[in-house]
Amino acid sequence: MAKKWYVLHTYSGYENKVKQNLETRIETMGLENNVFDIQIPMETVTEIRDGGRRVESDKKVFPGYVLVRMELDDRSWAAVRNTPGVTGFVGSQASPAPLTREEYNKIMKRTDRKAARKTSTDLEVGQTIKVVSGPLAEFDGVVSEVSPETNKVKVMVSIFGRETPVELSFDQVARI
């Protein structure tokens with residue numbers, strides 16, 4: 001039987017508890033030769049808070065899901081399926097669908113510490129902001145576009161009585 005990665009659906013917010021419960025069940029039921037690894041894919045996200053303060057935190061890539069590498073047989077399937085917090089396997093209930101190697105690699109690439117960091121912000125289009133640094137510091141403006149992938153925000157700033165689009169980084173602006 002081949003070792004394959006399967007995706008478990010869990011109650012959202014219970015991923016760590018499910019991992020802990022699974023590890024305990026594997027040990028008490030003697031399934032160390034059937035269930036080999038349990039992963040909760042995480043990525044580091046930089047959040048821009050008020051005043052441009054950057055805060056890094058780890059976020060689950062897929063809330064409500066846990067990856068399990070196992071040899072699927074009746075015993076291991078029943079043990080994992082009946083673990084508290086597990087609502088089922090992804091795939092049909094009769095035969096769970098394993099991840100392909102490409103799918104697994106794509107998921108785990110997002111968790112790599114060297115992967116491009118994501119930035120999240122609570123800025124929204126139409127929101128009034130104040131520019132806090134750079135040549136336009138102290139100007140007020142209205143957000144016209146937010147680009148989390150580039151950490152930039154496009155702001156309409158009134159300069160000499162004319163609305164002018166200006167591209168700024170997240171840390172150059174603050175909510176009013």
Side-chain angles (χ1 to χ4, degrees), residues 5-23 37-69 84-91 97-176:
W5 284 100
Y6 294 89
V7 181
L8 299 179
H9 188 264
T10 70
Y11 295 118
S12 191
Y14 284 79
E15 301 86 356
N16 293 331
K17 189 70 173 157
V18 165
K19 181 177 180 180
Q20 188 179 18
N21 288 343
L22 264 172
E23 288 168 345
D37 197 3
I38 304 161
Q39 295 285 328
I40 303 169
M42 306 284 279
E43 64 186 347
T44 302
V45 176
T46 303
E47 293 182 61
I48 308 296
R49 300 274 169 87
D50 287 338
R53 191 170 50 97
R54 292 177 169 269
V55 178
E56 281 196 356
S57 60
D58 286 334
K59 302 266 187 207
K60 292 175 182 75
V61 176
F62 302 111
Y65 294 93
V66 174
L67 304 181
V68 178
R69 185 170 185 226
V86 173
T87 58
F89 280 86
V90 171
L99 289 174
T100 65
R101 174 56 63 189
E102 294 77 32
E103 289 170 328
Y104 175 77
N105 288 343
K106 192 173 183 181
I107 290 169
M108 296 315 284
K109 188 176 182 180
R110 287 182 66 179
T111 68
D112 187 358
R113 291 282 171 212
K114 291 175 250 150
R117 299 274 169 101
K118 283 198 172 172
T119 301
S120 86
T121 181
D122 52 3
L123 294 173
E124 297 173 2
V125 173
Q127 186 174 41
T128 304
I129 57 90
K130 178 178 278 307
V131 180
V132 293
S133 66
L136 299 174
E138 300 306 314
F139 276 80
D140 291 347
V142 176
V143 175
S144 64
E145 192 178 311
V146 180
S147 302
E149 46 299 323
T150 59
N151 297 337
K152 300 281 185 189
V153 63
K154 202 169 273 181
V155 179
M156 297 303 284
V157 179
S158 181
I159 303 174
F160 305 120
R162 299 180 85 167
E163 289 290 310
T164 306
V166 180
E167 189 174 82
L168 302 166
S169 62
F170 287 162
D171 58 357
Q172 288 182 286
V173 300
R175 292 171 40 176
I176 294 181

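Heads up: numbering here begins at 1 and tracks the sequence. Because the structure is a prediction, the values reported are computed rather than measured.
For the atom pair OG of Ser144 and CD of Gln127, the computed distance is 12.5 Å after rounding to the nearest 0.5 Å. Atom OG1 of Thr128 is separated from atom CD1 of Ile176 by 6.0 Å, given to the nearest 0.5 angstrom.
With sequence neighbours left out, Ser169 forms a side-chain hydrogen bond (donor to acceptor under 3.5 Å, both in side chains) with Asp171, Gln172. With sequence neighbours excluded, no residue forms a side-chain hydrogen bond (donor to acceptor under 3.5 Å, both in side chains) with Gln20. In terms of the side chain to side chain contact (heavy atoms under 4.5 Å, CB included) criterion, residue partners of Val90 (sequence neighbours excluded) are, by chain and number, Val7, Tyr65. Lys60 is linked by a salt bridge (charged side-chain N to carboxylate O under 4.0 Å, His left out) to Glu15, counting only residues two or more places apart in sequence or in another chain. In terms of the side chain to side chain contact (heavy atoms under 4.5 Å, CB included) criterion, residue partners of Asp37 (sequence neighbours excluded) are, by chain and number, Trp5, Gln39, Arg69. With sequence neighbours excluded, no residue forms a ring-ring contact (aromatic ring centres under 6.0 Å, His included) with Tyr14. Applying the side-chain hydrogen bond (donor to acceptor under 3.5 Å, both in side chains) test to Lys19 and every residue at least two apart in sequence or in another chain returns nothing. Scored by the ring-ring contact (aromatic ring centres under 6.0 Å, His included) test, Tyr6 finds no partners at all (sequence neighbours excluded). Under the rule for a side chain to side chain contact (heavy atoms under 4.5 Å, CB included), the partners of Glu163 that lie at least two apart in sequence or sit in another chain are Met156, Ser158.
Sorted by first then second residue, the salt bridge (charged side-chain N to carboxylate O under 4.0 Å, His left out) pairs that include residues 125-141, not counting sequence neighbours, are Lys130-Asp140.
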>> Applying side-chain contact (heavy atoms from CB on, under 4.5 Å) to Tyr11 and Val18, what does each step give before you reach the verdict?
In response: CA-CA 9 Å; Tyr11 295 118; Val18 165; over 6 Å; no
>> Run Glu23 and Ile38 through side-chain contact (heavy atoms from CB on, under 4.5 Å) and show every step you take.
In response: CA-CA 8 Å; Glu23 288 168 345; Ile38 304 161; 3.7 Å; yes
>> Set out, in order, the CA-CA distance, both residues' side-chain angles and the distance that settles side-chain contact (heavy atoms from CB on, under 4.5 Å) for Ile159 and Leu136, then state yes or no.
In response: CA-CA 9 Å; Ile159 303 174; Leu136 299 174; 4.1 Å; yes
>> For a side-chain contact (heavy atoms from CB on, under 4.5 Å) check, start with the C-alpha distance between Phe139 and Val155, then their side-chain angles and the critical distance, and finish with the verdict.
In response: CA-CA 11 Å; Phe139 276 80; Val155 179; over 6 Å; no
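When all heavy atoms are compared, the tightest approach of Leu123 to Arg175 is CD2-CG, 3.8 Å. Nearest approach of Ser133 to Val131, heavy atoms of both residues: O-CG1, 3.3 Å. Nearest heavy-atom pair across Val143 and Glu124 is CB-O, 3.4 Å. Taking all atoms of both residues into account, the shortest heavy-atom contact from Met108 to Leu67 is SD-CD1, 4.1 Å.
With contacts defined as side-chain heavy-atom distances shorter than 4.5 Å, the pair Leu168/Lys152 does not qualify. You'll find the side chain of Ser57 reaches within 4.5 Å of the side chain of Lys59, heavy atoms only.
In terms of modelled atom types and a separation under 3.5 Å, the side chain of Thr87 and the main chain of His9 share a donor-acceptor contact. One N or O on the side chain of Thr10 and one on the backbone of Gly64 form a donor-acceptor pair closer than 3.5 Å.
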Pairs under 3.5 angstrom only: tabulate donor-acceptor contacts from the side chains of residues 99-107 to other protein residues two or more places apart or in another chain.
residue : atom : partner : partner atom : Å
Thr100  : OG1  : Glu103  : N            : 3.1
Thr100  : OG1  : Glu103  : OE1          : 3.4
Glu103  : OE1  : Thr100  : N            : 2.8
Asn105  : ND2  : Arg101  : O            : 3.4

